[in-house]
S.K.: 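What follows is a structure written as structure tokens; I'll ask about it next.
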Amino acid sequence: MKPVPILMKQWLGANERTRVLPGDQWYLKFAASIFPLVQQSPLFKENDYVQKDATVSLCMYFQDVIAQTGGWKTFTESYYALYNTYLPFYRLSDSYIPDEINPEDIAFVLWTLKSHFALYGPDEYTLQDPYDKDLLDLAQEVYKLMDEEFEEAPINEEPSSFLWVMGPDLLDMPSTPLPEITPETKLSKDVEHCLEYSGGKSLLYFATYKELCKFFVEVLKWEDTPSALLPDLQYKKEFVIYANAKGMLIAHNVAAYFCEGHNPMYNAERAAAEGYKLFCRPGTCPFDLIKYGMLKGILPDVQLPFTNGKEVLQKNWDFIARYYLCEYYEGE
């Protein structure tokens with residue numbers, strides 16, 4: 001018999017409980033079958049801890065599907081309520097059954113294990129192609145083992161932690177409509193001046209801080225003193241002003257990504273190479289501006305940095321922004 005690689009303490013900790021349930025030992029023994037597949041995969045070569053953590057997550061997925069409770073159930077129900085499908089990224093065929101095990105589910109669990117938002121610094125996020133061959137191969141191998149044991153797997157009556165897939169608060173955050181301007185909207189003076197200057201266009205573009213300051217003074221009628229002209233921006237460039245019903249917001253170093261005829265800084269190559277950072281790097285750009293760009297179709301070239309990254313980002317941008325931007329999603 002294969003040695004069990006996962007200690008009961010680790011399994012209980014992942015489930016956020018202290019009481020051992022009758023089915024726990026069975027899932028730990030099942031982990032002994034999953035663990036070699038995880039060890040052999042190029043996805044999890046870092047160390048033994050990462051391999052065990054991945055094995056536990058896969059077994060928790062299996063446990064949740066069998067019991068129809070816990071973190072996996074919470075995630076799929078919340079995701080369906082938002083997007084009218086059970087998973088991001090994958091086209092779910094007629095053979096996909098929400099209450100049973102599916103290779104696409106397992107692939108997504110693996111994606112979450114390899115995709116991390118920036119916890120300590122804005123550049124410390126990690127990206128993973130959900131269609132990576134090694135990921136899909138491992139998902140299929142794990143699915144086969146689960147399928148063989150599906151009828152034998154016990155039901156654990158106590159639900160797993162609702163946090164293990166991803167924090168449900170990320171899916172609970174409401175997606176608010178764009179702050180559209182109507183004839184009844186009471187606009188700030190700055191927004192009125194912006195729209196008069198641009199001929200009604202919501203986005204204005206400025207290459208340098210000097211150009212921006214000239215606009216502040218001559219068009220917005222701001223006081224011409226260093227302290228009044230947003231001095232924190234003096235070493236920035238490529239500005240976008242978004243004049244909207246809520247007010248005027250300013251972003252820097254992002255103008256190259258927005259494809260509009262009146263934007264002289266638009267650069268399709270840079271948008272394709274760098275634009276994904278808007279969705280993954282917290283604080284890079286106000287979310288209302290990102291949302292405006294996507295809903296108006298003026299960020300057509302942004303793509304994640306892998307082969308099919310354009311399709312993945314363009315079709316799943318709202319989820320990706322939730323996942324990586326966290327409190328910056330719909331944040332002020």
Side-chain angles (χ1 to χ4, degrees), residues 117-125 173 176 178-181 185-271 273-296 298-299 301-302 321 324-332:
F117 58 83
L119 186 58
Y120 300 111
D123 293 310
E124 292 184 355
Y125 58 88
M173 290 186 291
T176 59
L178 280 174
E180 298 282 6
I181 296 173
T185 305
K186 184 172 177 58
L187 300 177
S188 70
K189 286 295 182 183
D190 284 342
V191 171
E192 287 183 354
H193 291 319
C194 284
L195 295 176
E196 289 170 5
Y197 177 83
S198 69
K201 296 180 178 66
S202 293
L203 302 190
L204 295 78
Y205 302 94
F206 303 91
T208 66
Y209 179 69
K210 183 177 180 180
E211 289 182 19
L212 188 67
C213 288
K214 182 179 179 183
F215 174 77
F216 288 158
V217 174
E218 296 184 0
V219 177
L220 300 189
K221 310 302 180 185
W222 288 10
E223 184 181 351
D224 190 4
T225 62
S227 61
L229 299 177
L230 305 183
D232 289 349
L233 299 178
Q234 62 182 313
Y235 300 113
K236 310 298 183 183
K237 59 183 180 179
E238 297 180 359
F239 299 94
V240 180
I241 287 181
Y242 176 26
N244 61 82
K246 294 197 300 188
M248 183 186 81
L249 62 79
I250 304 173
H252 56 80
N253 298 341
V254 299
Y257 312 145
F258 290 83
C259 180
E260 292 198 285
H262 64 289
N263 177 15
M265 288 168 284
Y266 169 63
N267 185 310
E269 290 184 359
R270 281 185 57 196
E274 309 164 6
Y276 70 89
K277 295 177 183 178
L278 300 178
F279 305 84
C280 304
R281 188 181 187 277
T284 297
C285 183
F287 187 71
D288 273 353
L289 178 54
I290 298 172
K291 181 163 57 175
Y292 181 89
M294 293 304 294
L295 295 181
K296 299 298 184 182
I298 58 174
L299 288 170
D301 301 296
V302 293
Y324 282 102
L325 300 184
C326 300
E327 68 267 22
Y328 286 86
Y329 176 89
E330 292 288 5
E332 293 299 331

S.K.: Let me confirm one number: the OG1-CD distance from Thr208 to Glu238, rounded to the nearest 0.5 Å.
M.R.: 10.5 Å
S.K.: Run the salt bridge (charged side-chain N to carboxylate O under 4.0 Å, His left out) check on Lys296 and Glu180 step by step: do they pass?
M.R.: CA-CA 12 Å; Lys296 299 298 184 182; Glu180 298 282 6; 3.3 Å; yes
S.K.: Would you call the rings of Tyr292 and Tyr242 parallel, tilted or perpendicular if under 30° counts as parallel and over 60° as perpendicular?
M.R.: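 The rings of Tyr292 and Tyr242 sit tilted, inter-plane angle from 30° to 60°.
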S.K.: Less than 4.5 Å apart, any side-chain heavy atom of Tyr235 and any of His252?
M.R.: no
S.K.: In Å, rounded to the nearest 0.5 Å, how long is the span from CG of Asp224 to SG of Cys213?
M.R.: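 So the gap between those two atoms works out to 8.0 Å.
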S.K.: Rounded to the nearest 0.5 Å, how far does NZ of Lys277 lie from CG of Asp123?
M.R.: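 Going from CG on Asp123 over to NZ on Lys277, the span is 7.0 Å.
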S.K.: What distance separates Glu327 CD from Phe287 CZ, expressed to the nearest 0.5 Å?
M.R.: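 Taking CD in Glu327 and CZ in Phe287, the distance rounds to 13.5 Å.
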S.K.: Any side-chain heavy-atom pair from Tyr197 and Leu220 closer than 4.5 angstrom?
M.R.: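 No. Closest side-chain heavy atoms not under 4.5 Å.
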S.K.: Taking all atoms of both residues into account, what is the closest heavy-atom pair of Cys280 and Tyr324, and its distance?
M.R.: CA-CB, 3.6 Å
S.K.: If we only count heavy atoms from C-beta on, is the Leu203 to Ser198 side-chain gap below 4.5 Å?
M.R.: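 No, every pair of side-chain atoms sits at 4.5 Å or beyond.
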S.K.: Would you say the side chain of Tyr209 lies within less than 4.5 Å of the side chain of Lys236, judging by non-hydrogen atoms?
M.R.: no
S.K.: So, do Leu325 and Arg281 sit near enough that their side-chain heavy atoms are less than 4.5 Å apart?
M.R.: no
S.K.: In terms of side-chain heavy atoms, does Glu274 have a donor or acceptor partner in Tyr257 at a distance below 3.5 Å?
M.R.: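 The answer is yes; a qualifying pair exists.
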S.K.: Just wondering, do Asn244 and Leu178 contact through their side chains at under 4.5 Å, heavy atoms?
M.R.: no
S.K.: May I have the step-by-step check of side-chain contact (heavy atoms from CB on, under 4.5 Å) for Leu230 and Phe239, ending in yes or no?
M.R.: CA-CA 13 Å; Leu230 305 183; Phe239 299 94; over 6 Å; no
S.K.: Answer yes or no: is there a side-chain heavy-atom contact under 4.5 Å between Ile298 and Asn263?
M.R.: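 No. Closest side-chain heavy atoms not under 4.5 Å.
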S.K.: Less than 4.5 Å apart, side chain to side chain, heavy atoms only: is that true for Thr284 and Tyr328?
M.R.: no
S.K.: Once you round to the nearest 0.5 Å, how far does CD of Glu211 lie from NZ of Lys214?
M.R.: 8.5 Å
S.K.: Taking His193 for its side chain and Phe216 for its backbone only, find out whether a donor-acceptor pair lies under 3.5 Å.
M.R.: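 No: the side chain of His193 does not pair with the backbone of Phe216.
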S.K.: Could you label the plane-to-plane angle of the Phe215 and Phe206 rings as parallel, tilted or perpendicular, counting under 30° as parallel and over 60° as perpendicular?
M.R.: tilted
S.K.: Could you tell me the separation between the CG atom of Leu195 and the CD1 atom of Ile181, rounded to the nearest 0.5 Å?
M.R.: 4.5 Å
